[in-house]
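Every number for a ligand or one of its atoms is a count from 1 in the order of the listing. Both backbone and side-chain heavy atoms feed into the values below; hydrogens, waters and symmetry mates do not.
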Amino acid sequence: MTRHFLDLSSAGADGVAAILADALDRKAARTDLPKGQPDADAPLAGRVLAMVFEKSSTRTRVSFDMAMRQLGGSALVLDAGTSQLGRGETVADTARVLSGFCDAIMVRTDDHAKLEEMAAFATVPVINGLTDVSHPCQIVADLQTVIESGKALPGLKMAWLGDGNNVLHSIVEAAGLFKFSVAAGVPAGYDPEERWIERSNALLAGSNARVTVERDPLRAVDGADVVVTDTWISMGQAHAEAKLAAMMPYQVTEALMAAAKPDAIFLHCLPAHREEEVVTAVIDGPQSHIWNEAENRLHAQKAILRWCFGQIG
Ligand code: CP
Ligand code: NVA
């Protein structure tokens, strides 16, 4: 069976745990090696990853490219605007063609249904590099960063502040798999999709962990081990003054961080909009782990790729 990584549930709790363990191990094993030097075992030697982008990217694009290099393989990019996809060639036909050329396909798209269509017609692994609905690769890197900060995932409280978006959906999904709580501080009208919360809370039944939506940002961060935010306007969304105004009480300030646990860490998937979703004093402050979080995209991608090729998990 072809292993697609469309969401965290594609790998399940055991699969994601194996991915995290591999990411941590390989990161530790190659400290101080030049970035472009392959790992000694080059486990994906000869493999090529096609990366399809319908939206902009810095981290996802570079981390997948470098991941393939470090695993001994290579990657190529197809931008929708400069490939036949942008002129109306179907996702299904593109999937069949790319499967003949490449060993795996990563997709960043506006429409989650296109990712699913790519997976339905590809005969090689397909990876979700962000859709309008979810961003599972980001959350693997986030979980790795939380673990590296010395915190265990089960029983943790993660506070989300801002928009109920794709990144939050994947955090909620992770909570169900790893038995931690998420308090989503979100203004009315911007809630995450209910199905993600329901599914995780079903998995959390019988544990002390729970996913909740809070209107009061102070309640959301109260006792939190991790405070997370993201842009208020995601790619593909219209810039709306009304939305920015609704989000303002959920801006991550020093006062909100002070209401979390004293050793709470701050995460942001980036790119950030300083003085919008987070103030500079927090994102550049001592509790911020954003640079390690960004670097971990590389280590997480490597492990996700290895999982897709059946090498772990
Ligand atoms: N966090 C993230 O996915 O960044 P990019 O949009 O730069 O890939
Ligand atoms: N929610 C953001 C994440 C960017 C990495 C977006 O979809 O634009």
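- Some N or O of Leu270 is nearer than 3.5 Å to an N or O of ligand 1, by distance alone.
- The ligand atoms of ligand 1 that sit less than 4.0 angstrom from a heavy atom of Thr58 are 5 (P), 7 (O), 8 (O).
- Atom numbering of ligand 1 starts at 1 in the shown order; those under 4.0 Å from a heavy atom of Cys269 are 1 (N).
- Donor-acceptor pairing under 3.5 Å is recorded for the side chains of Lys27 and Asn296.
- Salt-bridge formation is not detected for the pair Arg108/Glu54: no Lys NZ or Arg NE/NH1/NH2 atom is positioned less than 4.0 Å from an Asp or Glu carboxylate oxygen.
- A salt bridge is absent between Arg61 and Asp65; no separation between the charged side-chain nitrogens and carboxylate oxygens falls under 4.0 Å.
- Summary of contacts: the protein heavy atom closest to atom 7 (O) of ligand 2 is Asn166 ND2, 2.8 Å.
- In summary, the side chains of His299 and Glu295 do present a donor paired with an acceptor at a separation below 3.5 Å, with no hydrogens or angles considered.
- Of all the atoms in ligand 2, the ones that sit under 4.0 Å from a non-hydrogen atom of Leu130 are 3 (C), 4 (C), 5 (C), 7 (O).
- Between Asp225 and Lys261, at least one side-chain nitrogen of the basic residue sits less than 4.0 Å from a carboxylate oxygen of the acidic one, meeting the salt-bridge criterion.
- Side-chain atoms of Arg297 and Thr60 form a donor-acceptor pair, as typed in the model, at a separation below 3.5 Å.
- Contact atoms of ligand 1 toward His135: 2 (C), 3 (O) (distance under 4.0 Å to a heavy atom of the residue).
- Counting non-hydrogen atoms of other residues, nucleotides and ligands closer than 6.0 Å to CZ of Arg87 gives a total of 12 or fewer.
- Ranking protein heavy atoms by distance to atom 3 (C) of ligand 2, first place goes to Asp230 OD2, 3.6 Å.
- Remark: distances from the non-hydrogen atoms of Lys55 to ligand 1 are all 4.0 Å or more.
- The pair Arg96-Asp93 meets the salt-bridge criterion, since a charged nitrogen lies less than 4.0 angstrom from a carboxylate oxygen.
- The nearest heavy-atom contact from the protein to atom 6 (O) of ligand 1 is Arg108 NH1, 2.8 Å.
- Of all protein heavy atoms, the one lying nearest to atom 4 (O) of ligand 1 is Arg59 NE, 2.8 Å.
- Between Lys243 and Asp163, at least one side-chain N (NZ, or NE/NH1/NH2) sits under 4.0 Å from a carboxylate O, which counts as a salt bridge.
- Among the candidates Leu130, Asp132, Val107, the single residue satisfying the side chain to side chain contact (heavy atoms under 4.5 Å, CB included) test with His112 is Asp132.
- In terms of N/O distances under 3.5 Å, ligand 1 is not approached by Arg61.
- Close approach of ligand 1 to Arg297 is summarised as follows: ligand atoms under 4.0 Å from at least one heavy atom of the residue are 1 (N), 2 (C), 3 (O).
- For atom 8 (O) of ligand 2, the closest heavy atom belonging to the protein is Met235 N, 2.8 Å.
- The distance criterion of under 3.5 Å between nitrogen or oxygen atoms is not met by Lys55 with respect to ligand 2.
- Of all atoms in ligand 2, listed by their number and element, those nearer than 4.0 Å to a heavy atom of Leu270 are 5 (C).
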